[in-house]
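In what follows, every heavy atom counts, from backbone to side chain, and hydrogens, waters and symmetry copies are set aside. Every value quoted in this text rests on a predicted model; they were computed, and no experiment measured them.
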Amino acid sequence: MARYPHLKFEVNWRPFQLNPNQPKEGGNKMEELRRKYGDATVQRMMPRLEQAFRGLDIPFKYGGNTCNTFDSHRLAAWALTMGSDKQDA
């Protein structure tokens, strides 16, 4: 956007659930990745993810839990009813 200040456009976020069957309370992130992709694939993924995030100066952590994102998508849809600028707030 900063690169093309003469253009006017608006961003509308669209929901997409990566795992719609994920329970609301969620589960361990690494266990979910291993179950979905297999241990060997996850072991290959992690160094690449670390490198990509490091290159963008974004902290990357392995631990933690994932959760069902349905309520987050509902919130983004509600925010859009308040105006597209509110989705980024």
Does Thr41 have any side-chain hydrogen bond (donor to acceptor under 3.5 Å, both in side chains) partners at least two apart in sequence or in another chain, and if so, which? Arg44
Using the test side-chain hydrogen bond (donor to acceptor under 3.5 Å, both in side chains), find all partners of Gln17 that sit at least two apart in sequence or belong to another chain. Asn68
Which residues share a side chain to side chain contact (heavy atoms under 4.5 Å, CB included) with [X], sequence neighbours left out:
{"X": "Asn65", "value": "Asn28"}
{"X": "Phe16", "value": "Leu18"}
{"X": "Ile58", "value": "Phe53, Leu56"}
{"X": "Lys36", "value": "none"}

Output for pair (Leu33 CG, Thr66 OG1), nearest 0.5 Å, gives 8.0 Å
Distance col, row Phe60:CZ vs Gln51:CD, nearest 0.5 angstrom, shows 12.5 Å
Would you indicate whether the side-chain heavy atoms of Met46 and Met30 approach each other to under 4.5 Å? yes
Give a yes or no answer on whether the side chain of Lys29 reaches the backbone of Gly63 with a donor-acceptor pair at less than 3.5 Å. yes
Taking salt bridge (Lys or Arg N to Asp or Glu O under 4.0 Å) as the cut-off, I'd like each qualifying pair that reaches into residues 68-77, sequence neighbours left out, listed once. Lys24-Asp71, Asp71-Arg74
What pairs meet the salt bridge (Lys or Arg N to Asp or Glu O under 4.0 Å) rule with one or both residues in residues 47-66, with sequence neighbours excluded? none
Going only through I, L, V, M, F, W and Y residues with side-chain contacts under 4.5 Å, is there a path from Phe70 to Trp78? no
